[in-house]
Colleague: 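Can you keep this structure in mind? I'll have questions shortly.
Because the structure is predicted, anything quoted here is derived from the model rather than measured. Note on naming: letters A, B, ... go to the chains in the order of the sequence lines (proteins, then strands), and numbering restarts at 1 for each one.
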Amino acid sequence: MAPGTHSVASSSRHARRKLINYIFVGLTSIATLIALTALVMILWTLVAKGFGGINAGIFTQDQPGGGSNLGDGGLRNALIGSVIMCAIGMVIALVIGILSGTWLAEYGDGNKLASVVRFINDVLLSAPSILVGLFVYECLVSHVLGHFSAIAGAAALAFLATPIVTRTTEDILRLQPNQLREAGMALGAGRGLVIRAIIWKASRTGLVTGGLLGFARISGETAPLLFTALGNPFMSFSLSQPMASLPTTIFQFALSADDNWRRLAWVAALIIATFVLSANIIGRALAARGSSSK
Amino acid sequence: MDAVLPSPMPGAPRIDNPGGTSAMKGGDTVFHALCFSAAMVLMATLVGLIVALVIGGWPALSHFGFAFFTSSVWNPSGSPDNPEAYGAAGPIVGTLITAFIAMLLALPLAIGIAVFLVEFCPKRLSHWVGIAVELLAGIPSIVYGMWGLFVLAPWFAEHVQTPLMLNLDPDSFWGRVFTGVPNGANIFTASLILAIMVLPYIATVFRELLLSIPPYLREAAYGMGCTPFEVVRNIMLPYIRKSAVGAVMLGLGRALGETMAVTFIIGNSHAFPKSLFDSGSTIASTIANEFTEATGDLHISALIALGLVLFLITFVTLAAARLLLGTEKA
């Protein structure tokens with residue numbers, strides 16, 4: 001083999017490898033660009049179609065009937081319904097989620113049952129939300145209560161948020177150094193007191209973040225509310241009656257042919273998306289601050 | 001499942017304090033019991049979910065038997081010569097097809113994004129781009145649905161479907177694959193939306209997996225003169241292969257159960273989809289559309305039986321995902 005031919009062959013091979021690499025880098029950046037474009041396009045559509053529809057009536061008036069004039073009516077009943085049901089659902093989810101997350105993190109080591117619970121929680125975390133709606137319908141709506149109601153909607157949302165809170169709680173508690181627990185016990189505190197007075201306190205930021213993300217997640221959920229809370233064209237504070245919510249109102253209005261209803265659907269979509277995205281960003285900022293201050 | 005009671009922590013790494021006062025011990029026991037029962041609520045939820053779906057769906061399943069899974073006749077309004085019948089084959093096939101196409105579209109994009117963020121993107125930028133991609137996961141499903149119905153579907157009908165229809169012989173192979181009402185509401189656009197929705201989940205897990213690769217492996221490969229492409233293809237991707245399959249299954253689980261976005265854009269017909277651009281339905285979209293307007297007990301029961309089928313499909317998928325990923329990973 002002459003040295004000359006070898007170097008020619010290897011340099012052409014080198015050029016080919018470099019070319020393939022450039023194409024690869026190009027393809028990966030295109031993939032990233034596609035995802036970013038999708039995000040920008042969706043947000044842009046929301047702003048373009050939703051922002052113009054916002055007026056004072058959105059927050060002070062209830063939803064209009066069919067055939068109303070463009071600009072009439074608002075989303076007050078849906079906004080308030082969403083807040084009520086999400087708040088109740090979140091309180092339930094926080095109580096159950098933090099306690100079960102604590103059990104998994106603090107009492108669950110080396111326990112077979114704990115790994116089963118952890119696995120079940122993971123399944124519930126990604127289970128289709130519409131199935132939770134069916135479950136609550138079967139349990140509460142068709143048998144116990146006998147009709148659609150806000151409390152059933154709140155229960156469905158609680159079932160969705162609990163696995164999220166459980167997972168975050170366990171993750172956060174596991175981040176706390178063992179020296180904290182040892183120091184507490186050295187002072188004579190029992191295990192439960194150490195968890196409540198020291199570990200929970202040290203994890204406060206993380207728990208708030210988890211709660212915020214859970215709240216953001218359930219505030220946009222539609223499917224489980226369709227056949228639990230149903231929706232209500234009027235303002236209602238009664239937990240035993242059907243209650244309106246932003247997502248179900250969007251579902252009803254967006255698929256209608258009524259221009260004013262469609263306007264309200266876009267405004268509602270903008271409101272939900274703004275809320276969910278800001279909750280996500282605030283949660284992230286909180287988490288970043290919490291981890292950097294330690 | 002042999003341990004039914006909480007075991008008293010043999011060999012637990014954390015220190016217990018057996019010398020606490022008796023009052024404290026009492027409080028501790030109550031607290032422990034509280035935490036334990038909260039965890040049991042989670043278990044009861046899953047068991048209750050299965051029981052509720054089985055009980056609710058049993059009338060339809062026993063009435064139609066195996067035909068429930070094989071027939072695609074969906075006729076809620078029964079009449080003497082055309083009796084009420086429910087066959088779930090259409091929605092089941094629709095669910096599987098849309099989720100499968102969505103994964104085909106999302107997988108290469110997710111790998112591309114993860115590799116770009118870990119290998120090629122400047123570090124400062126990578127943080128923000130990563131957050132932007134994750135924000136895609138935060139957008140509520142119903143917003144995707146509206147965007148799909150009012151933006152994507154009309155665009156797709158005008159710029160993809162119509163030209164294809166005009167230029168393809170309707171009897172040729174491709175003509176049959178791409179036939180359908182040109183309104184943009186079909187199996188393929190539903191899969192497109194699903195692909196965008198599951199993309200952030202898969203991309204984020206891929207990114208974490210790539211970051212978890214020990215640096216010396218990459219460094220050794222670069223040290224041998226590999227190009228970045230060769231490092232990624234021959235070293236990094238094979239290293240995360242098993243967990244990556246888990247991530248894909250996780251995304252698949254989401255795509256299978258996604259409801260609102262699909263309901264808006266799939267066209268909602270119960271028949272077997274005949275082409276890529278034909279309207280169809282998924283299990284979740286059928287339930288969302290018909291449940292509150294269900295005509296009778298058998299209709300409701302058939303919809304709950306559909307829910308049971310969806311649960312079984314997603315449960316198997318998610319369980320496989322968790323086993324492949326290991327329970328420690330998100």
Colleague: With a 4.5 Å limit on heavy-atom distance, are the side chains of B:L310 and A:I130 in contact?
Modeller: yes
Colleague: Report yes if some heavy atom in the side chain of A:S126 is under 4.5 Å from a heavy atom in the side chain of B:L250; otherwise report no.
Modeller: yes
Colleague: So which of A:L255, A:L33, A:L27, A:V136 has the biggest tally of heavy-atom pairs under 4.5 Å with chain B?
Modeller: A:L255
Colleague: In terms of heavy-atom pairs under 4.5 Å, which option from B:P200, B:A321, B:G307 contacts chain A the most?
Modeller: B:G307
Colleague: Go through the steps for B:I139 and A:L39 under the test side chain to side chain contact (heavy atoms under 4.5 Å, CB included), then give the verdict.
Modeller: CA-CA 9 Å; B:I139 296 177; A:L39 179 70; 3.8 Å; yes
Colleague: Could you give me the CA-CA distance, side-chain angles and deciding distance for B:V115 and A:F24, then say whether side chain to side chain contact (heavy atoms under 4.5 Å, CB included) is met?
Modeller: CA-CA 10 Å; B:V115 168; A:F24 181 64; 3.9 Å; yes
Colleague: Can you confirm whether B:T227 sits close enough to A:I20 that some side-chain heavy atom of one is under 4.5 Å from a side-chain heavy atom of the other?
Modeller: no
Colleague: Side chain from CB out, backbone as N, CA, C, O: work out which of these in B:I196 comes under 4.5 Å of a heavy atom of chain A, or both, or neither.
Modeller: side chain
Colleague: A:L99 versus B:F31: any side-chain heavy-atom pair under 4.5 Å?
Modeller: yes
Colleague: Nearest 0.5 Å please: distance from the OG1 atom of B:T45 over to the CD1 atom of A:I120.
Modeller: 9.0 Å
Colleague: Against chain A, label B:F311 side chain, backbone, both or neither, depending on which of its atoms sit under 4.5 Å from a heavy atom there.
Modeller: both
Colleague: Ring centres under 6.0 Å, that's the criterion: do B:F229 and A:Y22 meet it?
Modeller: no
Colleague: Stepwise, does the side chain to side chain contact (heavy atoms under 4.5 Å, CB included) test hold for A:L226 with B:M260?
Modeller: CA-CA 11 Å; A:L226 285 177; B:M260 297 322 291; 4.2 Å; yes
Colleague: Which of these, A:I42, A:V276, A:L43, A:L277, sits in a side-chain contact (heavy atoms from CB on, under 4.5 Å) with B:L135?
Modeller: A:L277
Colleague: With a 4.5 Å cut-off on side-chain heavy atoms, are A:L113 and B:M40 touching?
Modeller: yes
Colleague: B:E258, B:R254, B:E230, B:R233: which one forms the most heavy-atom pairs within less than 4.5 Å of chain A?
Modeller: B:E230
Colleague: Select, from B:T263, B:V151, B:L308, B:I142, the one with the greatest count of heavy-atom pairs under 4.5 Å involving chain A.
Modeller: B:I142
Colleague: So if I take each residue of residues 217-225 of chain A and look for any heavy atom under 4.5 Å from a heavy atom in chain B, which residues do I end up with?
Modeller: A:G220, A:T222, A:A223
Colleague: For side chain to side chain contact (heavy atoms under 4.5 Å, CB included), just list the numbers for B:L152 and A:M41, CA-CA rounded to whole Å, side-chain angles, deciding distance to a tenth of an Å, and then say yes or no.
Modeller: CA-CA 10 Å; B:L152 180 67; A:M41 274 169 73; over 6 Å; no
Colleague: Under the salt bridge (Lys or Arg N to Asp or Glu O under 4.0 Å) definition, can you give me all pairs with a residue in residues 262-274 of chain A, not counting sequence neighbours?
Modeller: none
Colleague: As an exercise: rank A:V40, A:T102, A:I250 by heavy-atom pairs under 4.5 Å with chain B and give me the winner.
Modeller: A:I250
Colleague: Should the pair A:F119 and B:F315 be assigned to parallel (<30°), tilted (30 to 60°) or perpendicular (>60°) ring geometry?
Modeller: perpendicular
Colleague: Quick one: what part of B:Y144 sits under 4.5 Å from any heavy atom of chain A, side chain, backbone, both or neither?
Modeller: side chain
Colleague: Would you indicate whether A:H14, at its atom NE2, is surrounded by more than 12 heavy atoms from other residues, nucleotides or ligands within a distance under 6.0 Å?
Modeller: no
Colleague: Answer with side chain, backbone, both or neither: which region of B:T314 has an atom nearer than 4.5 Å to a non-hydrogen atom of chain A?
Modeller: side chain
